[in-house]
Q: 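Sending over a structure as structure tokens; questions will come in a sec.
Whatever order the structure lists ligands and atoms in, that order sets their numbers, starting from 1. Below, each value reflects all heavy atoms present in this structure, side chains not excepted, and no hydrogens, waters or symmetry copies. Just so you know, these numbers come straight off a predicted model, no measurement behind them.
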Amino acid sequence: MSQQQTLTLAQPLPLECGGELAGAQIAYHTYGTLSPARDNVLWVCHALTANADVVSWWPGLVGAGHYYDPAEWFIVCANVLGSCYGSAGPLTPVLPHNRPLYQAFPRLTVRDLVAAHEQLRQHLGIEKIHTVIGGSLGGQQALEWAIAHPKRFEHLVLLATNARHSPWGIAFNEAQRLAIQADCTYQGGGPEGGVAGLRAARAVALLSYRSYDAYGRTQAEPDEDTLPAFYRASSYQQYQGDKLTARFNAYSYVTLSHIMDSHNVGRGRNGLEAALAQVQARTLVLGISSDVLFPPAEQQFIARHIPGAMYAEMDSPYGHDGFLIETAQITHFLERFYVQTFVH
Ligand SMILES: CC(=O)SCCNC(=O)CCNC(=O)[C@H](O)C(C)(C)COP(=O)(O)OP(=O)(O)OC[C@H]1O[C@@H](n2cnc3c(N)ncnc32)[C@H](O)[C@@H]1OP(=O)(O)O
Ligand SMILES: N[C@@H](CCO)C(=O)O
């Protein structure tokens, strides 16, 4: 068990698009104990709708008895800016005028998420991070961090992510935002606004998180001879929408999807290849065979340009969300990765 803690950032946060965010809060969890040599830090970066309690959302990989066991590791996971799980979110009033964050600073980027967690790292007195790991948006954050602060990390583990968010990914995000904006309660209904839009957005997103085969396997109609009154696949989409609206809000969804769109490690660094070449951490990049949102080619590109990086592909029917589910395969590749000798 770990209690969520909150840090109020001591320094104003300079934002990539200009301005400074003062007094922002960052929610985080830690598990385990920092070793006397301070060399056992695992920092986990979470994806779009997860939170700082990594043991709850990455079961099978992080937690007692799993590969990243708090008995051995000092594990840190922090909620990102813009989320709705304790860190400063879009509706948080910010200084100097107490306007909501999403109005005061509408163009947050992955680099801002990293800058905020850098301050948390300093607060925790951690100099060296043994491993930083993340999938999807979490992988974008981990990669950006390893480029911005290359000496900070000994190992970098990236899953189902990319070096620059693709036009395809941005288009999916825009389709979801359009669904939210079509909900007349969004931005007019206060903090609870946009629920119906968010429900539709999650249903759209699910199409990119799963796969044709996964729907075929789990949502096929059982009886070929009857005209169904209601289709299983329809019910699944609705259920997934309801499941998200019970725990997330439309403002954070829009904010975080814009942040994901901003991801481009090459911006201002002479391009993607030059940026990736700056990584000094020993790197493992994992792709998922059925990922249509972040196809394996994106991870192969990262691995090709990070010096000495190892690439492996998980064979999974689960699509993009396989990075949350295929913990046995992830464990297998981590074991190989940590024993492998790298020549830089
Ligand atoms: C407080 C918190 O929840 S913290 C945040 C937790 N979430 C996160 O961190 C985000 C990351 N996690 C995820 O995105 C997901 O949990 C995943 C990808 C790991 C797994 O997704 P799931 O939705 O659990 O799996 P899956 O796609 O197989 O759907 C199973 C669910 O759909 C339901 N379902 C399946 N078919 C149908 C159908 N035809 N009609 C209605 N419901 C259906 C199942 O009963 C099951 O319901 P349950 O979740 O209430 O048990
Ligand atoms: N299913 C993930 C998003 C995929 O990266 C989440 O809800 O956080």
Q: Should the pair Glu16-Arg267 be classified as a salt bridge under the 4.0 Å nitrogen-to-oxygen rule?
A: yes

Q: Where does the angle between the aromatic ring planes of Tyr28 and His123 fall among parallel (under 30°), tilted (30 to 60°) and perpendicular (over 60°)?
A: perpendicular

Q: With sequence neighbours left out, what residues match Tyr31 under ring pair (Phe, Tyr, Trp, His ring centres under 6.0 Å)?
A: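 Checked Tyr31 against ring pair (Phe, Tyr, Trp, His ring centres under 6.0 Å); matches are His29.
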
Q: Side chains of Arg111 and Leu15: does their closest heavy-atom pair fall under 4.5 Å?
A: no

Q: Please verify the inter-ring angle class for His130 with His155; under 30° counts as parallel, over 60° as perpendicular, anything in between as tilted.
A: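 Answer is parallel, since the angle falls under 30°.
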
Q: Does the pair Leu198 and Leu244 meet the rule for a side chain to side chain contact (heavy atoms under 4.5 Å, CB included), with working shown?
A: CA-CA 8 Å; Leu198 179 60; Leu244 187 73; 3.8 Å; yes

Q: Using a strict cut-off of less than 4.0 Å between a Lys/Arg side-chain nitrogen and an Asp/Glu carboxylate oxygen, indicate whether Glu144 and Arg164 qualify as a salt bridge.
A: no

Q: Taking Gly194's backbone N and O only, do any of them form a donor-acceptor pair with Thr185's side chain (distance below 3.5 Å, no angle check)?
A: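 Pair found, side chain donor or acceptor close to backbone of Gly194.
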
Q: Give me the pairs of N or O atoms, one from ligand 1 and one from the protein, that sit under 3.5 Å apart.
A:
unit_1: ligand 1; atom_1: 7 (N); unit_2: Arg247; atom_2: NH2; d: 3.3
unit_1: ligand 1; atom_1: 21 (O); unit_2: Arg210; atom_2: NH2; d: 3.3
unit_1: ligand 1; atom_1: 23 (O); unit_2: Gln240; atom_2: OE1; d: 3.4
unit_1: ligand 1; atom_1: 23 (O); unit_2: Gln240; atom_2: NE2; d: 2.9
unit_1: ligand 1; atom_1: 23 (O); unit_2: Lys243; atom_2: NZ; d: 2.9
unit_1: ligand 1; atom_1: 24 (O); unit_2: Lys243; atom_2: NZ; d: 3.1
unit_1: ligand 1; atom_1: 27 (O); unit_2: Arg210; atom_2: NE; d: 3.2
unit_1: ligand 1; atom_1: 27 (O); unit_2: Arg210; atom_2: NH2; d: 2.8
unit_1: ligand 1; atom_1: 27 (O); unit_2: Tyr236; atom_2: OH; d: 2.3
unit_1: ligand 1; atom_1: 29 (O); unit_2: Gln240; atom_2: NE2; d: 3.1
unit_1: ligand 1; atom_1: 36 (N); unit_2: Gln219; atom_2: NE2; d: 3.0
unit_1: ligand 1; atom_1: 39 (N); unit_2: Gln219; atom_2: OE1; d: 2.8
unit_1: ligand 1; atom_1: 39 (N); unit_2: Arg232; atom_2: O; d: 3.0
unit_1: ligand 1; atom_1: 40 (N); unit_2: Ser235; atom_2: OG; d: 2.4
unit_1: ligand 1; atom_1: 40 (N); unit_2: Tyr236; atom_2: N; d: 3.4
unit_1: ligand 1; atom_1: 47 (O); unit_2: Tyr239; atom_2: OH; d: 3.4
unit_1: ligand 1; atom_1: 49 (O); unit_2: Lys243; atom_2: NZ; d: 2.5
unit_1: ligand 1; atom_1: 50 (O); unit_2: Tyr239; atom_2: OH; d: 2.2

Q: Go through the structure and list residues passing side chain to side chain contact (heavy atoms under 4.5 Å, CB included) with Arg177, not counting sequence neighbours.
A: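 For Arg177, the residues satisfying side chain to side chain contact (heavy atoms under 4.5 Å, CB included) (neighbours in sequence not counted) are Asn173, Glu174, Gln181, Val254, Ser257, His258, Asp261.
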
Q: Distances under 3.5 Å, N/O of ligand 2 against N/O of the protein: list each pair and its distance.
A:
unit_1: ligand 2; atom_1: 1 (N); unit_2: Asp321; atom_2: OD1; d: 2.8
unit_1: ligand 2; atom_1: 1 (N); unit_2: Asp321; atom_2: OD2; d: 3.4
unit_1: ligand 2; atom_1: 5 (O); unit_2: Ser136; atom_2: OG; d: 2.7
unit_1: ligand 2; atom_1: 5 (O); unit_2: His320; atom_2: NE2; d: 3.0
unit_1: ligand 2; atom_1: 7 (O); unit_2: Thr49; atom_2: OG1; d: 2.6
unit_1: ligand 2; atom_1: 7 (O); unit_2: Arg202; atom_2: NH1; d: 3.1
unit_1: ligand 2; atom_1: 7 (O); unit_2: Arg202; atom_2: NH2; d: 3.1
unit_1: ligand 2; atom_1: 8 (O); unit_2: Leu48; atom_2: N; d: 3.4
unit_1: ligand 2; atom_1: 8 (O); unit_2: Thr49; atom_2: N; d: 2.9
unit_1: ligand 2; atom_1: 8 (O); unit_2: Thr49; atom_2: OG1; d: 3.2

